[in-house]
Amino acid sequence: MSHPLIIDGPERGVLRLTLNRPEARNALTTTLLRAIAEALAAAATDDKVGAVVLTGDQRAFAAGADIKEMAERDLVGMLNDPRQRHWQAIADFPKPIIAAVNGYALGGGCELAMHADIIIAADTARFGQPEIRLGIMPGAGGTQRLVRAVGKSLASQMVLTGEAIDAGRALAAGLVSEITPPELTLERATAIAETVAAQAPLAVRLAKEALAKAGDTDLATGLRFERHAFTVLAGTQDRDEGIAAFHDKRAARFLGR
Ligand code: CAA
């Protein structure tokens with residue numbers, strides 16, 4: 001059996017993770033979710049990784065939790081489910097994740113895309129939370145992250161009807177930042193990841209954390225965190241290098257110090 005997650009790189013600072021269960025539309029088995037969490041844990045401490053691109057194939061980014069596996073788990077099985085740990089590990093990854101979404105991002109697949117910092121989608125992609133049709137509801141952040149991403153009305157419509165939205169709607173609602181022709185989605189996501197990976201690593205890390213605060217905390221707390229993070233960066237060598245490079249009209253050489 002082929003491995004459910006293909007790991008490429010890092011190349012030019014970018015690690016690529018490709019979901020590889022095409023026969024099941026990249027449905028997220030626990031094994032696959034664990035593989036993503038473990039790959040990210042390794043990338044977190046690898047200085048050669050500045051950003052991660054997460055992608056699937058042309059037909060599906062991921063069609064959600066693996067329904068066949070889920071059917072075998074009862075309430076106690078759910079309570080002891082290791083998946084929550086894997087989701088938390090993905091959420092805690094300190095470096096930027098850029099999702100390149102082709103095809104379906106449904107249920108846990110849409111939730112996985114929303115764990116990314118930036119989503120680039122093919123113009124043919126579809127996003128949805130169809131769990132309600134299975135007699136359940138989103139369980140990996142769908143109700144919380146989707147409301148923050150697209151607002152209460154559209155999120156409620158998606159979660160309560162189970163109907164998916166197309167990429168144009170996702171762009172208009174702010175769920176994704178760009179849409180591309182399907183054959184260019186991965187290329188565009190990779191280019192963005194390379195640009196991110198070329199920046200000062202400490203600044204990127206703190207900026208990611210500050211951006212996440214915007215969805216997690218009240219404005220005053222978020223602004224306080226931003227001010228502290230901004231101040232801390234004033235003590236880094238990379239800040240001196242960035243300013244020196246600006247004066248010298250050359251590209252900065254950041255060291256992560
Ligand atoms: N789990 C397990 N298998 C899945 C799957 C899933 N989520 N999605 C698709 N598959 C399998 C199908 O069973 C099928 O397998 P067989 O060939 O063995 O029958 C194969 O993938 C291809 O699927 P389709 O023939 O249906 O492909 P399609 O292109 O016609 O349709 C689709 C694609 C619209 C994604 C459709 O497969 C679908 O609706 N899938 C289910 C989506 C869904 O309900 N996701 C939510 C899961 S629950 C969840 O995500 C909860 C959570 O995380 C907390």
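First listed ligand is number 1; within each ligand, the first listed atom is number 1.
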Undergrad: Under a 4.0 angstrom heavy-atom cut-off, which atoms of ligand 1 come close to Gly107?
TA: 50 (O)
Undergrad: Do Glu209 and Arg205 sit within salt-bridge range, that is, some charged N less than 4.0 Å from a carboxylate O?
TA: no
Undergrad: Do Gln237 and Phe254 make a side-chain contact, defined as non-hydrogen atoms from C-beta onward lying under 4.5 Å apart?
TA: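 Counting from C-beta outward, Gln237 and Phe254 never come under 4.5 Å.
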Undergrad: Any idea which heavy atoms bring Phe127 and Leu106 closest together, and the distance?
TA: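 In terms of heavy atoms, the two residues are closest at C-CD2, 4.2 Å.
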Undergrad: Should Val53 and Phe61 be counted in the same cluster of Ile, Leu, Val, Met, Phe, Trp and Tyr side chains packed under 4.5 Å apart?
TA: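 In one cluster with Val53: Phe61, no.
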Undergrad: For Asn80, which residues count as a side chain to side chain donor-acceptor pair (under 3.5 Å) partner, sequence neighbours excluded?
TA: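 If we apply the side chain to side chain donor-acceptor pair (under 3.5 Å) test to Asn80, skipping adjacent residues, there are no hits.
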Undergrad: Answer yes when Arg59 and Asp57 have at least one side-chain N-carboxylate O distance shorter than 4.0 Å, and no when they do not.
TA: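 So Arg59 does not pair with Asp57 through a salt bridge.
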Undergrad: Which ligand 1 atoms are under 4.0 Å away from a heavy-atom of Gly64?
TA: 50 (O)
Undergrad: May I ask you to decide whether Asp46 forms a salt bridge with Lys48, counting only side-chain N to carboxylate O separations under 4.0 Å?
TA: yes
Undergrad: Pick whichever of Asp81, Ile67, Leu134 has a heavy atom sitting closest to atom 41 (C) of ligand 1.
TA: Ile67
Undergrad: Any protein heavy atom lying closer than 4.0 Å to atom 6 (C) of ligand 1?
TA: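 Answer yes: something from the protein, a heavy atom, is under 4.0 Å.
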Undergrad: Can you pull out the closest protein heavy atom to atom 39 (O) of ligand 1? Residue, atom name and distance to 0.1 Å, please.
TA: Leu106 CD1, 4.4 Å
Undergrad: Examine the proximity of ligand 1 to Ala65 and report which part, side chain or backbone, both or neither, has a heavy atom under 4.0 Å away.
TA: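 Ala65 to ligand 1: contacts from backbone and side chain alike.
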Undergrad: Give the residue, atom name and distance (to 0.1 Å) of the protein heavy atom nearest atom 11 (C) of ligand 1.
TA: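 It is Ala24 CA, 3.8 Å.
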Undergrad: Is atom 19 (O) of ligand 1 less than 4.0 angstrom from some protein heavy atom?
TA: no
Undergrad: Would Gly108 count as being in polar contact with ligand 1, using the rule that some N or O on each side must be under 3.5 angstrom apart?
TA: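 Yes; at least one N/O pair falls below 3.5 Å.
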Undergrad: With Asp123, which residues qualify under side-chain contact (heavy atoms from CB on, under 4.5 Å), at least two apart?
TA: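 Residues passing side-chain contact (heavy atoms from CB on, under 4.5 Å) with Asp123: Ile179, Pro182.
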Undergrad: Among protein heavy atoms, which sits nearest to atom 45 (N) of ligand 1, and what does the distance come to when rounded to 0.1 Å?
TA: Ala63 O, 2.9 Å
Undergrad: Does the protein put a heavy atom under 4.0 Å from atom 26 (O) of ligand 1?
TA: no
Undergrad: Could you identify the single nearest non-hydrogen protein atom to atom 33 (C) of ligand 1 and state the distance to 0.1 Å?
TA: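 The protein heavy atom lying closest is Tyr104 CE1, 3.6 Å.
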Undergrad: Less than 4.0 Å between a side-chain N and a carboxylate O, is that true for Arg257 and Asp238?
TA: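 Looking at Arg257 together with Asp238, the answer is no, because their closest N to O distance does not fall below 4.0 Å.
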Undergrad: Nearest to atom 54 (C) of ligand 1, what protein heavy atom do you find, and at what distance?
TA: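 Atom 54 (C) of ligand 1 sits closest to the protein heavy atom Gly139 N, 3.4 Å.
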Undergrad: With heavy-atom distances below 4.5 Å as the criterion, would you say the side chains of Ile120 and Ile98 are in contact?
TA: yes
Undergrad: Check Glu178 with Arg188, please: is the shortest side-chain N to carboxylate O separation under 4.0 Å?
TA: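 A salt bridge is present here (some side-chain N lies under 4.0 Å from a carboxylate O).
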Undergrad: So is there a nitrogen or oxygen of Arg25 less than 3.5 Å from a nitrogen or oxygen in ligand 1?
TA: yes
Undergrad: Among protein heavy atoms, which lies nearest atom 44 (O) of ligand 1, and at what distance?
TA: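 Scanning the protein heavy atoms, the shortest distance from atom 44 (O) of ligand 1 goes to Pro130 CG, 3.6 Å.
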Undergrad: If you measure from each non-hydrogen atom of Glu23 to ligand 1, which part falls under 4.0 Å: side chain, backbone, both or neither?
TA: backbone
Undergrad: Note the single closest protein heavy atom to atom 12 (C) of ligand 1, along with its residue, its atom name and the distance in Å.
TA: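 Answer, as residue, atom name and distance: Lys68 NZ, 4.2 Å.
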Undergrad: At a 4.0 Å threshold, what atoms of ligand 1 neighbour a non-hydrogen atom of Glu111?
TA: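 The list of qualifying atoms is 52 (C), 53 (O), 54 (C).
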